[in-house]
Amino acid sequence: MKNLEPNKNCIKCIRLSNFRKENILKYPSYFNNPVSSFGSISSELLIVGLAPGIHGANKTGRPFTGDYAGILLYNTLIKFKFATGNYLPESSDNLNLKNCRITNAVKCVPPKNKPEMKEIKNCRMYLKKEIYCMKNLKIILSLGTVAHNSIINCFDLKLKDYKFSHGKYHIINKKIKLINSYHCSRYNTNTKRLSKKMFEENFKKIISYM
Ligand code: URA
């Protein structure tokens, strides 16, 4: 599919492109490129995260892989049969996604894990194309408000009519529902904003909406 992912040397975001160059020098063994989505484009479920973590997805080249957040995410996907195999913090594990695709609102690692508004906007065209190309898409799970807001913008809807709220589902159109979850980050799980049980509840809902 043409232009579904940014090219390797994408310079749409100068700050992120400079950060990538710094990381290539600092961590030469890392992937250090925009991280492509993982899972089949014909899936019914799309999970949207924030951005690759510097020593996780930016290292391994697979969303959430090697990131702390990936432990809860991938183990939950295995539990709810959206993945088979075993998750390891490296892309050479034997994990396969089933009827599920994972992407990020921003494809390049941002400094301090915080993409700027203009970077989220620059990268939105890839998310928009991806959603458009997912012809069987039924459910989008947004991990955090950045992902949620970017998804709402992809559909040209008004944020004031679609407020992020953990566990809530929004009807986007006749085919697609959006479910909100707090991001499964180390910060959210350590501060108990998000528990394993709360995260799993979302997947129970996803299955019941499919
Ligand atoms: N790793 C990712 O790929 N995305 C996130 O949102 C967090 C960690």
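Predicted model, so just to flag it, every value in this text is computed and none were measured. Counting starts at 1 for both ligands and their atoms, following the listed order.
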Report task. Sequence neighbours left out, what passes ring pair (Phe, Tyr, Trp, His ring centres under 6.0 Å) with Tyr126? Give chain and number order. Result -> none

Query - Ligand-side contact atoms (ligand 1) for residue partner Gly49, heavy atom cut-off under 4.0 Å - result: 6 (O)

**Report entry** Aromatic plane relationship, Tyr27 with His55 - under 30° parallel, 30 to 60° tilted, over 60° perpendicular
**Finding:** perpendicular

Query raised in the report: With a distance cut-off below 6.0 Å to the six-membered ring centre and an angular limit of 45° from the axis, does Lys79 pair with Phe82 as a cation-pi contact?
Result: no

Report task. Run the salt-bridge test on Lys197 and Glu200 with the 4.0 Å N-O cut-off and return the result as yes or no. Result -> no

Query - Polar atom proximity, Pro63 to ligand 1 (N or O, under 3.5 Å) - result: no

Query raised in the report: Does Ala51 have a non-hydrogen atom less than 4.0 Å from ligand 1?
Result: yes

Query raised in the report: Below 3.5 angstrom, do we get any N/O pair linking Ala69 and ligand 1?
Result: no

Query raised in the report: In the protein, what heavy atom is nearest to atom 1 (N) of ligand 1, and what distance, to one decimal place, separates them?
Result: Asp67 OD2, 2.8 Å

Query raised in the report: Hey, is His183 one of the residues with a heavy atom under 4.0 angstrom from ligand 1?
Result: yes

Query raised in the report: Going through the distances and angles, do Asp67 and Arg62 end up as a salt bridge (Lys or Arg N to Asp or Glu O under 4.0 Å)?
Result: CA-CA 10 Å; Asp67 286 299; Arg62 197 175 75 180; over 6 Å; no

Query raised in the report: Do any heavy atoms of Asn104 fall under 4.0 Å from ligand 1?
Result: yes

Report task. Taking atom OH of Tyr209 as the centre, report whether more than 12 heavy atoms of other residues, nucleotides or ligands fall under 6.0 Å from it. Result -> yes

Query raised in the report: Going by distance only, is there an N or O of Ala57 that falls short of 3.5 Å from an N or O of ligand 1?
Result: no

Query - Any pair counted as side-chain hydrogen bond (donor to acceptor under 3.5 Å, both in side chains), so long as it reaches residues 154-178, sequence neighbours left out - result: His170-Asn180

Report summary line: Quick note on ligand 1: atoms under 4.0 Å from a heavy atom of Pro52 include exactly 2 (C), 3 (O)

Requested in this report: Number the atoms of ligand 1 from 1 as they appear, then name those within less than 4.0 Å of a heavy atom of Leu50, with their elements.
Outcome: 5 (C), 6 (O)

